[in-house]
Amino acid sequence: MNRWTELVSYDPCPGDPFKANNTPIYQTATFELESLDGVNQYDYTRSGNPTRTILQKQLAKLECGEYAFAFNSGMAALTAILGSLKQGDHIVASYDLYGGTHRLLSQRLIMRGISFTLVDTTDLSAIDAAFQPNTRLLFIETPSNPLLKITDIKKTSELAKQKGVLLVVDNTLLSPWLQQPLTLGADVVVHSATKHLSGHSDMMAGVVMMNDAELAKHIAFIQNAEGCALAPFECWLLLRGLKTLGLRIERQIDVTKKVAHYLKKHPKVKEIYYPGFNDHPGFDVQHQQAKGSGSIISFTTGSIEHSKKWIDAINLFTLSVSFGSLNSLISLPCAMSHASILESSLPKDLIRLSIGIEDADDLIMDLEQASCSQSSL
Ligand SMILES: *Cc1c(COP(=O)(O)O)cnc(C)c1O
């Protein structure tokens with residue numbers, strides 16, 4: 001089936017006696033048992049719920065994986081997979097990680113005896129050098145956020161396999177519509193479904209996907225044992241959002257390209273980070289491993305004062321963390337999403353745009369007027 005068809009054509013409620021055309025919200029904590037000794041598909045929503053089952057099946061299909069597990073946030077999903085390691089284990093991860101993931105590694109997992117090393121994962125030899133005898137997991141984000149560095153998933157997975165290390169890819173930035181790391185050799189894919197997968201900035205969720213049955217069993221166990229699975233209403237919202245994933249992302253990509261080309265020529269933009277430009281250092285790898293460059297653009301202005309003025313004068317972009325919603329957002333990562341990384345190496349004047357589905361010319365006009373308002377500087 002073509003992926004456009006896949007987004008909307010699936011059985012919304014297998015076995016439903018009323019044949020509803022959309023997945024019902026099974027808003028129940030408990031299920032009546034058939035008998036004391038029979039096998040019951042569902043008994044308690046923490047361990048399983050039909051709305052969640054349908055969602056997880058659809059998520060696995062979109063990511064070309066065998067198994068998907070939905071959690072109540074991206075951080076809960078990350079905690080389930082990264083926290084499945086044992087005391088004494090070691091993680092190698094990209095140094096420009098999402099701030100919350102950095103906090104999880106440096107302030108939570110470390111207390112459980114799980115250590116980590118951060119490296120530039122665009123450099124295979126740096127990854128290789130960071131491996132220790134106790135390294136169990138390699139964690140990458142590509143494109144990274146907010147500097148949009150590209151890590152080669154295939155080559156990284158070959159290295160990880162050689163060393164017997166699990167490769168986990170945070171695929172939040174592009175979504176499975178643009179990049180499917182499991183097909184490139186990754187062992188596990190993680191998403192904050194709060195972003196593109198749900199797409200409307202109206203819910204929080206996380207997903208862990210994989211092909212390995214043993215690992216899937218373990219993640220299902222954690223979901224139940226730790227009580228972090230996604231609730232039925234959120235599952236339903238996410239199912240609804242997924243249906244327009246392709247429409248939203250393709251539209252966002254079109255608008256993003258136009259805004260990126262405008263900014264590239266802007267005299268007040270010092271450095272621009274967007275993997276869709278053919279002079280981006282990761283362009284070739286990105287072009288091979290993904291179907292598009294996403295909807296994030298980062299740029300610097302030369303000073304934090306300039307960046308703050310620009311942000312203050314903007315109208316159509318909402319000053320907000322996060323990305324992947326229908327509305328365009330603007331942020332200053334050092335002061336916002338990445339503030340939890342204490343010694344961040346990010347440029348302090350870095351502005352990040354998350355492009356929505358608005359008209360590109362309207363967004364460009366807004367950026368233009370906002371950049372003029374700082375001429376007093
Ligand atoms: C937002 C985000 C997370 C965390 O997800 P939440 O849903 O906010 O808990 C993890 N990784 C990346 C890349 C993100 O953007």
Side-chain angles (χ1 to χ4, degrees), residues 55 59 63 68-83 91 93-109 116 118 121 137-151 153 168-179 181 186 188-209 223 226 228-231 234-235 237-238 241-242 249 252 273 275 290 293-298 320-325 329-331 333-334 336-341 344 346 350 352-356:
L55 168 69
L59 285 166
E63 194 64 70
F69 298 93
F71 290 85
N72 54 32
S73 70
M75 289 322 301
L78 281 158
T79 305
I81 184 68
L82 300 181
I91 297 173
S94 309
Y95 75 94
D96 49 346
L97 280 179
Y98 172 70
T101 308
H102 187 275
R103 180 172 48 210
L104 176 66
L105 290 169
S106 62
Q107 297 183 52
R108 298 294 302 156
L109 296 184
F116 67 98
L118 302 181
T121 53
L137 195 149
L138 172 59
F139 182 84
I140 63 170
E141 281 177 34
T142 182
S144 67
N145 169 25
L147 288 180
L148 303 157
K149 295 196 170 196
I150 308 300
T151 296
I153 300 175
V168 180
V169 180
D170 185 328
N171 200 26
T172 303
L173 217 84
L174 291 186
S175 91
W177 190 255
L178 297 179
Q179 179 169 275
V188 178
V189 166
V190 188
H191 280 280
S192 165
T194 311
K195 320 288 167 56
H196 286 296
L197 291 179
S198 59
H200 294 68
S201 257
D202 54 7
M203 61 166 298
M204 305 211 66
V207 194
V208 181
M209 291 114 150
Q223 214 186 23
E226 300 189 359
C228 42
L230 195 62
E234 269 71 18
C235 289
L237 272 177
L238 183 47
L242 284 177
I249 300 233
Q252 283 170 302
Y273 306 86
S293 298
S295 49
I296 303 269
I297 307 165
S298 294
S320 172
V321 293
S322 200
F323 56 85
S325 80
L329 312 174
I330 192 165
S331 74
C334 266
M336 297 164 66
S337 54
H338 289 66
S340 62
I341 304 180
S344 174
L346 290 178
L350 189 79
R352 187 186 75 186
L353 303 179
S354 162
I355 305 297

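When reading the values below, keep in mind they use all heavy atoms of this one structure, side chains included, and skip hydrogens, waters and symmetry mates. As the structure lists them, so they are numbered: ligands from 1, and atoms in each ligand from 1.
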> Under the side-chain contact (heavy atoms from CB on, under 4.5 Å) criterion, do R352 and F323 qualify, and how do the steps go?
Replying inline: CA-CA 10 Å; R352 187 186 75 186; F323 56 85; 4.0 Å; yes

Below the 3.5 angstrom mark, is there an N/O of [X], backbone or side chain, next to an N/O of ligand 1?
X: M75; answer: yes
X: K195; answer: yes
X: T194; answer: yes
X: E141; answer: no
X: L78; answer: no

>> Can you tell me how far apart CD1 (I296) and CG (L174) are? Round to the nearest 0.5 Å.
In response: 9.5 Å

> What is the distance from atom CG of D96 to atom CD of E141, rounded to the nearest 0.5 Å?
Replying inline: 7.5 Å

>> Looking at every non-hydrogen atom in both residues, tell me the closest pair between P143 and P275 and how far apart they are.
In response: CG-CG, 4.4 Å

>> If you compare all heavy atoms of N171 against all heavy atoms of V189, which two are closest, and at what distance to 0.1 Å?
In response: CB-CG1, 3.7 Å

> Does the side-chain hydrogen bond (donor to acceptor under 3.5 Å, both in side chains) test come out yes or no for S94 and T121, once each step is laid out?
Replying inline: CA-CA 5 Å; S94 309; T121 53; 2.9 Å; yes

> Is Q223 reaching over with its side chain to a backbone N or O of F69, donor-acceptor style, under 3.5 angstrom?
Replying inline: no

Please list the nearest protein heavy atom to [atom] with its residue and the distance rounded to 0.1 Å.
atom: atom 8 (O) of ligand 1; value: M204 CE, 3.6 Å
atom: atom 11 (N) of ligand 1; value: D170 OD2, 2.7 Å
atom: atom 6 (P) of ligand 1; value: G74 N, 3.3 Å
atom: atom 10 (C) of ligand 1; value: Y98 CD2, 3.5 Å

> Does ligand 1 have any atom that is closer than 4.0 Å to a heavy atom of A76?
Replying inline: no

Which ligand 1 atoms does [X] reach within 4.0 Å, using its non-hydrogen atoms?
X: F323; result: 15 (O)
X: S192; result: 1 (C), 2 (C), 3 (C), 4 (C), 5 (O), 6 (P), 7 (O)
X: A205; result: 7 (O)

> What do the steps show when you test S298 against L148 for side-chain contact (heavy atoms from CB on, under 4.5 Å), and what is the final call?
Replying inline: CA-CA 8 Å; S298 294; L148 303 157; 4.3 Å; yes

>> Applying the side-chain contact (heavy atoms from CB on, under 4.5 Å) criterion to V208, which one of V168, L78, V188 satisfies it?
In response: V188

> How does S322 reach ligand 1, by side chain, by backbone, by both or by neither, if only non-hydrogen atoms under 4.0 Å count?
Replying inline: neither

